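Before any comments, here is the structure.
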Amino acid sequence: MKNVAVIGAGTMGNGIAHTFAQSGFSVNLIDISEASLERGIATITKNLDRMIAKEKISEADKKLTLSHIKTHTSISEGAKNADLVVEAATENLELKLNIFKELDKACSDSAILASNTSSISITQIAAATSKPERVIGMHFMNPVPIMKLVEIIRGYNTSNAVTHTIMELSKTLGKEPVEVNDYPGFVANRILMPMLNESIETLYNGVAGVEEIDTVMKLGMAHPMGPLQLADFIGLDVCLSILHVMYDGFKNPKYAPCPLLVNMVRAGKLGVKSGEGFYDYSENRKAEKVAQQFRK
């Protein structure tokens, strides 16, 4: 397996492309937007420069990694020779189904089709193809070049051979793959999202302020960042989408998103990506200043 196509040049997609390219794979990074592709390559370049500054790689390593990445705006062109495709588009079911229908036509019968979805059913995605046994979930964590975990999700029809191949491939990337079954939220988000949602409920109910909630979890539970800061980092729109998938999948009220989260997303307060969430990121990307609406 040498040729990898990554669909989506956003935060997750460019991180996945970076990781594969740095491990010596030939990568086609695909996005419908040339501007998104340019931003993706710029992000990869900046992250490689950070690694040089920390003396983790050399300038030659950076050039070699970038030389392994080519960009495309067409799925059929970018994925036609791929041994593996990793879809990292927006967390939207209809979009993903359309992408996998197109991949089913564009790719060879031997290609493995993976989704980086953080919550959507792999079985449902696979049903959009004629080869559901070759569809699997590869849920990378953000930031992809740094985080070790890859959640490997078996769909109902995913073959043992494909699962084994992807587990071993993940190890060659320096990752720690963990195999899980296909239920809403899988393991990571089934546990994480209710915690983030409950933290937002705690703020919504006036139990404590933003900094206080985050401080309790950092100092009391040894979390590297507080849950509200983490929600901002993930993107409040992403958190809301995952909670909707889990609520629809389980029909359990414990997964219903907090009204405060819903209203913040409606207002465009999405966290780091929009410049404001529970914290104000107008001056820097660090959670140093609580957003105006939550200040005492």
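Count residues from 1 along the sequence. Please read these numbers as outputs of a predicted model, since none were measured by experiment. Below, each value reflects all heavy atoms present in this structure, side chains not excepted, and no hydrogens, waters or symmetry copies.
Judged purely by distance below 3.5 Å, without hydrogens or angles, the side chains of Asp182 and Thr123 pair a donor atom with an acceptor atom. Checking Ser33 against Asp31 by side-chain atom types alone, no donor-acceptor pair falls below 3.5 Å. Under the 3.5 Å distance criterion, with hydrogens and angles disregarded, no donor-acceptor pair is assigned to the side chains of Gln22 and Thr65.
Counting non-hydrogen atoms of neighbouring residues, nucleotides and ligands closer than 6.0 angstrom, the NZ atom of Lys269 reaches no more than 12 such neighbours. Counting heavy atoms of neighbouring residues, nucleotides and ligands inside a 6.0 Å radius, atom CD of Glu59 exceeds 12 of them.
The backbone N or O of Ser119 lies less than 3.5 Å from no partner atom in the side chain of Asn189, so there is not a single donor-acceptor pair. At distances below 3.5 Å, at least one donor-acceptor pair connects side-chain atoms of Asn197 with backbone N or O atoms of Cys258. Proximity of a side-chain donor or acceptor of Asn284 to a complementary backbone N or O of Lys286 within less than 3.5 Å is detected. Judged by distance alone, with hydrogens and angles left aside, the side-chain atoms of Lys175 form no donor-acceptor pair with the main-chain N or O of Thr172 at under 3.5 Å.
Salt bridge present: Lys80 and Glu77 bring a charged side-chain N and a carboxylate O closer than 4.0 Å.
Lys171 pairs by the salt bridge (charged side-chain N to carboxylate O under 4.0 Å, His left out) definition with Glu168, not counting sequence neighbours. Checked against side chain to side chain contact (heavy atoms under 4.5 Å, CB included), Glu179 has the following partners two or more places apart in sequence or in another chain: Arg154, Thr163, Met167. Checked against side chain to side chain contact (heavy atoms under 4.5 Å, CB included), Val238 has the following partners two or more places apart in sequence or in another chain: Ile234, Ile242, Lys273.
Among pairs with a residue in residues 18-67, those fulfilling ring pair (Phe, Tyr, Trp, His ring centres under 6.0 Å) read Phe20-Phe25, at least two apart in sequence or across chains. Applying the ring pair (Phe, Tyr, Trp, His ring centres under 6.0 Å) definition to pairs two or more places apart or across chains, those involving residues 256-296 are Phe278-Phe294. For residues 134-151, the pairs satisfying side-chain hydrogen bond (donor to acceptor under 3.5 Å, both in side chains) are His139-Glu151, with sequence neighbours left out.
Follow the hydrophobic side-chain contacts under 4.5 Å out from Phe186 and you never reach Met195; the two are in separate clusters.
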